[in-house]
Amino acid sequence: MRPEPSPHPPAARVALLVNTHALPPLSYLVPPELRRRVTTGSLVVVRLSGRSELGVVVGLLPDGDDRAREEILRVVERLRLPSTTVSLCLRVCEEAAAPLAPVLRAALPPGLGIAGYRVRGSLPGWPWRPGELVSRSAARRALGAGLREAEAAGILELAPSLPEPGTVELAVITSAREPDLSRAPRQRALLEALRRRGGRCRVDELLREASASRSSLRALAARGKVRTLRVAEPPPLLEGLQSELPERTAADAARRVLEGGLWLWRAPTRAHPAAAAALAAAAVSAGRQALILIPEVEMMGPVVEQIRRVLPKSASVATYHAGMGRARSALYGAAAAGRLDVLVGTRSAALLPLGRPRPLLCVVDEPNEAHRAEPGYEGVPLHVREISLLRAAAEGGGALFLSRCPSLALYGRPGVCEIPPPPERRWPAVRIVDMRGSGAPLSRTALEACRRALGTGRRVGVVGNRLGYATSMVCNGCGAALRCPRCHLALAVLADGLSCPRCGRREPARERCPDCGSGRLGPAGLAVERLRRELSRSLGTDNTGLLAGGRILRADEAPVVVGTPHPMLSRRWDCVVLPDADHLLLASPAGARERAFRLLHRAAEATERLLIIQTRHPEDPVLRAAVDDDYPSFARVELGRLRALGYPPFGGLVAITLRGPEEVVRRAVESRVRSALQSGVELWGPVPAPSADGPSAWRLLLRSRERAAAARAGRLVARRLARAERISVRVEVDPEEV
DNA sequence: AGCACGCCGACT
DNA sequence: GTCGGCGTGCTC
């Protein structure tokens, strides 16, 4: 039987590069002359409401679509996404409940200008010459409503621009006669340095090496012995050094990943560079590419160094992050063409197309929250872990996740296999000090440890609460925290009473503990400044240091240093004191127990000899598991709890932050959100958003027993809210703070 | 009738 | 995102 001829000509689904939740991909006719050039991943120019827009073809419809009316106007040459990258981006958008545009942009070359016109003709009083490039905003300013006519007449043509490759200035020795430089020592030094470099070298490097100035070089050039020229800057590739073999257990782990699949390796943080290097070496030996994803730029140095040591000299490695400017787009080209072997990058590299099939992925320090862009800012608001899980499945390469204490979202994920963790050899002694019945901020044990440090040259780090951490009210008698009767979360302390961080329920401040009746109810949480004053007084010395955010005082010399967790625990100390573990163990946000475990574990990793933990909950299972380096038993208990509550990774949770006047927000929620929800999706809020989101921000929570249903609801709600005026919308799947 | 405003859907 | 249509409520 012959198939019926289709009633429609072929069409393409086009995702416009317009950053809004409101526009789904739209169908456009493919004119016959473009049929061979329009494929999934093509960058095309189309018309929307009479204006031209740039879009990416995300699918072909050979049988057409009766909604398609407009034709694709042009195909942009030199730029095309692989179809696997396009389907990966579509999956990422589904999971992140994000608009397509920012996700596709993350896969396109950095610096791609999508809002500029090329001038194709001229009109009377026209300020531009033919051939010139004009930004869309300048054209709009100059022409107003006339812009659309100019577009329709083809006088202005939407023209995406790739960043111009950077140039470098080279100095080259010419064949001119040897000049007499006996009275010009600087010029002589320059010429000698240039000869040592083989007669051709970058001007900036040459001047630095000869410690000469540009005027000396100019003088030398005037004599004709040297000339300078500008050439396109090559991408900043580094070669392998081949000075070491990959570490043996890491190489064993890498071999498994080479076979494909999703792998978790609970190696300690200090072993991550060696693990990433072994994976890179395995990829290169198999002729494949490796993408190493690092949460923070500062961590890239040691990882790249380690990788270079184990790579052969013929292999290339490069770093990739947002601060690199033009060099980044040259690297994009090299990676996409398959010329680069190993890319070490931040989250901005997670969707970057790689030219060779089945690349290996490695996510370093997997649970780190810097692996995700904050929603509402540039970038993809989905954790690199999730992107990598999708990417490995789409491309068929393997993925390796590194963390001694991985996220429960990964550990509890079906299909992720664990490589047996190496034994932890370096672990301190731990003293857990029961603070029940004590009102003092520091125990005798902690003070003695500090006092001992004064004379011996050993160093103690005292870790206060993170700045801006929500505090709770805790009973100094029995240890109970004041909790919301509905949600059973610890109540946050505000200026005018207590408030549940989830449902927004307000409670008056209290004098007495509702559990034991004691009057010794006080705010939990020690600020670093208060701790330091307390310590200086008790020790009778001013020689204490401070290391908190931007405030650094004697942090490298003082025998006792007080500070906030992040800077404190990225250093090593002979002794670490955690004066208040309870604010971690009791903190209200969902996911806080996971963060508490990780912070306690990091404190142990940062300690050489003795870790002192003050708590009113000495038997807390999270605390016990952390100081015993027993992640599996923590995960077992916590995953059981999350499963019972239907929280991620077992259910879906989507936070929607709305900014706008309260009345407008409430009305929009009533009229647009409630009606959009399907059964099985719960809606909480709106409650005032955490203060970090700024004034007049409100937060909605969508919850479902099914991950996919929650993300779907998030997309639907975002789409309906996107067109409400005077409201800005931000969607976050699996939010960190709830 | 004439206009500002906000809501709402279309745009392929 | 951007636009235009339309109902509402106000003023002349």
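Keep in mind the model is a prediction, meaning the values are calculated, not measured. Each chain gets a letter, A, B and so on, in the order the sequences are listed, and its residues count up from 1.
- In this entry the distance linking CG of A/D66 with P of B/dC11 reads 13 Å, nearest Å.
- The side chain of A/L26 approaches B/dT12 more closely than any other nucleotide in the set C/dC3, B/dT12, B/dC11.
- One interatomic measurement links the two molecules: CG of A/L16 to C1' of C/dG1, which rounds to 10 Å at whole-angstrom precision.
- We find that CG of A/L23 is positioned 10 Å from C1' of B/dT12, with the value rounded to whole Å.
- Between the side chains of A/S52 and A/E151, a donor-acceptor pair is found at a separation under 3.5 Å.
- Residue-level contact check: A/N19 touches the backbone only, with heavy atoms under 4.0 Å from sugar-phosphate atoms and none from bases.
- The NE2-P distance, from A/H21 to C/dT2, rounds to 15 Å in whole Å.
- A/E70 has its CD atom 11 Å from the P atom of B/dC11, to the nearest Å.
- Counting only distance, with no hydrogens or angles, the side chain of A/R391 and the backbone of A/A350 share a donor-acceptor pair below 3.5 Å.
- The separation between A/E53 atom CD and C/dT2 atom P is 9 Å, rounded to whole Å.
- A/R358 places a side-chain N or O within donor-acceptor distance of the main-chain N or O of A/G396, the cut-off being under 3.5 Å.
- Without hydrogens or angle criteria, A/R715 side chain to A/A98 main chain gives no donor-acceptor distance under 3.5 Å.
- Between A/R140 and the phosphate of C/dT2, there is a side-chain N or O to OP1/OP2 separation shorter than 4.0 Å.
- Nucleic acid contact class of A/R667 (heavy atoms, under 4.0 Å, all strands): sugar-phosphate only.
- Rounded to whole Å, the distance from CZ on A/R719 to P on B/dG9 is 11 Å.
- For A/L17 and C/dG1, the CG to C1' distance is 13 Å, given to the nearest whole Å.
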